[in-house]
Amino acid sequence: MPDTTGGHPAALKVVTLDGPAGVGKTTLARRVADALGIPYLDTGAMFRTMAWRLGPDGPDLDEALLRDRLAGFIFTLRGRGGASVLSCNGEDIGNEIRTEEVGAMASRIAALPVVRECLKAAQQRMGAAQPLVVEGRDMGTVVFPGARHKFFLDAAPEIRAMRRYTQLQTMGEAHDLALLTEQIRSRDEQDRNRAVAPLCPAADAIIVDTGNLDIDGVFGVIMQHIRSRDGL
Ligand code: C5P
């Protein structure tokens, strides 16, 4: 990719994918990273890991103590494309963080400025060291405002809940659709209305309504924009 950003090194080869829970960001980030041959970073997994490791009392810790604990989490990324692996303090991050309960805990700690500050620095370090596809909530607005390609994916909560329901069913896990819809709505509410780095599209992001598209369709739209902007 040629550098036409003239910006900060962290912005050179960063593709940001932001959007609410359950919109398909992880699947798409992997595929886009595969197509571009660069690593992908799931920043939600960083918030989830912190929430999981801090435990239920995390959000109530005294700020200085919390800052200390957070400084002890060192994230590293290796590999590329769909085979990118994120680890924390030398341990690969596993499926234990993938439940809706941990997602809700992550959303609570994600509202704390000290947590965002600490993760933003780690994310920017990774983006400065290598080209990246990054997915999250504030990648295009706060962490990589100078990113070359920015996308914001959206879909109604009912559609996202139904997708998740189908995905869980395929994995042999039963779930209540009404409860999933409720959980997604409440996480949306929390993520969109927090004071720091709320979920919203960057002014220069391409907004993709995924409601009527399957994963292949969204992937096609994203790659078409990237290729046309980069003259590939
Ligand atoms: O994307 P995922 O569902 O794994 O993210 C879990 C939670 O982490 C989100 O609901 C959100 O509150 C928080 N998050 C965030 N900023 C990011 C990524 C995730 O606030 N860049």
Side-chain angles (χ1 to χ4, degrees), residues 10 14-30 32-33 40-56 58-59 66 70 73 75 77 84-86 88 93-127 132-145 147 150-155 157 159-161 163-165 167-168 175 180-202 205 210 218:
V14 173
V15 178
T16 63
L17 297 185
D18 287 307
V23 80
K25 297 185 300 293
T26 303
T27 310
L28 285 155
R30 282 167 172 269
V32 172
Y40 96 93
L41 173 64
D42 173 357
T43 61
M46 299 172 87
F47 285 94
R48 284 171 182 264
T49 302
M50 281 190 167
W52 171 254
R53 293 200 179 188
L54 289 170
L66 186 55
L70 297 177
F73 295 128
F75 288 94
L77 185 63
S84 306
V85 180
L86 181 66
C88 179
I93 291 166
N95 284 334
E96 65 281 359
I97 61 160
R98 295 292 164 198
T99 63
E100 198 44 49
E101 287 66 33
V102 177
M105 278 162 65
S107 179
R108 269 190 79 199
I109 63 154
L112 304 175
V114 59
V115 172
R116 303 209 71 85
E117 205 183 291
C118 164
L119 281 184
K120 177 180 165 187
Q123 291 153 1
Q124 288 181 333
R125 264 197 306 278
M126 290 193 235
L132 274 187
V133 176
V134 278
E135 56 139 314
R137 303 291 187 289
D138 60 340
M139 294 298 107
T141 47
V142 174
V143 180
F144 297 107
K150 296 185 187 180
F151 298 92
F152 188 90
L153 313 180
D154 215 346
I159 295 179
R160 288 181 276 130
R163 287 181 187 154
R164 191 146 279 183
Y165 177 76
Q167 187 186 27
L168 287 168
H175 231 291
L180 272 177
T181 314
E182 190 38 49
Q183 287 170 330
I184 279 191
R185 274 186 199 285
S186 104
R187 204 132 69 83
D188 274 7
E189 173 82 12
Q190 215 163 206
D191 290 347
R192 289 188 205 267
N193 295 317
R194 66 184 171 218
V196 204
L199 169 67
C200 68
T210 73
V218 182

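Just follow the structure's listing: the first ligand is 1, and inside any ligand the first atom is 1. Numbering of residues begins at 1 and proceeds along the displayed sequence.
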What distance do Arg160 atom CZ and Gln183 atom CD have between them, rounded to the nearest 0.5 Å? 13.0 Å
Number the atoms of ligand 1 from 1 as they appear, then name those within less than 4.0 Å of a heavy atom of [X], with their elements.
{"X": "Asp138", "answer": "16 (N), 17 (C), 21 (N)"}
{"X": "Ala110", "answer": "12 (O), 13 (C), 20 (O)"}
{"X": "Arg48", "answer": "2 (P), 3 (O), 4 (O), 6 (C)"}
{"X": "Met139", "answer": "21 (N)"}
{"X": "Ser107", "answer": "10 (O), 12 (O)"}
{"X": "Asp191", "answer": "9 (C), 10 (O), 11 (C), 12 (O)"}

Using a 4.0 Å heavy-atom cut-off, which part of Arg187 comes near ligand 1: side chain, backbone, both, or neither? side chain
Output, in order, the C-alpha distance, side-chain angles, deciding distance and verdict of side chain to side chain contact (heavy atoms under 4.5 Å, CB included) for Cys200 and Arg192. CA-CA 7 Å; Cys200 68; Arg192 289 188 205 267; over 6 Å; no
Under 4.5 Å between any side-chain heavy atoms of [X] and [Y], yes or no?
{"X": "Leu66", "Y": "Val115", "value": "yes"}
{"X": "Ile109", "Y": "Met50", "value": "yes"}
{"X": "Thr43", "Y": "Phe75", "value": "no"}

Check whether any heavy atom of Arg108 sits under 4.0 Å from an atom of ligand 1. no
Heavy atom of Arg194, distance to ligand 1 below 4.0 Å: yes
Considering only non-hydrogen protein atoms, determine which one is nearest to [atom] and report residue, atom name and distance to 0.1 Å.
{"atom": "atom 18 (C) of ligand 1", "value": "Thr43 OG1, 3.4 Å"}
{"atom": "atom 8 (O) of ligand 1", "value": "Phe47 CB, 3.6 Å"}
{"atom": "atom 16 (N) of ligand 1", "value": "Arg116 NH2, 3.0 Å"}
{"atom": "atom 1 (O) of ligand 1", "value": "Arg137 NH1, 2.9 Å"}

Between the main-chain N or O of Met139 and the side-chain N or O of Thr16, is there a donor-acceptor pair closer than 3.5 Å? no
Given 3.5 Å as the limit, does a donor-acceptor pair link the side chain of Lys120 with the main chain of Val143, or not? no
Sidechain N-carboxylate O distance under 4.0 Å for Asp42, Arg48: no
Hydrogens and angles aside, do Ser107 and Arg137 bring a side-chain donor and acceptor to less than 3.5 Å of each other? no
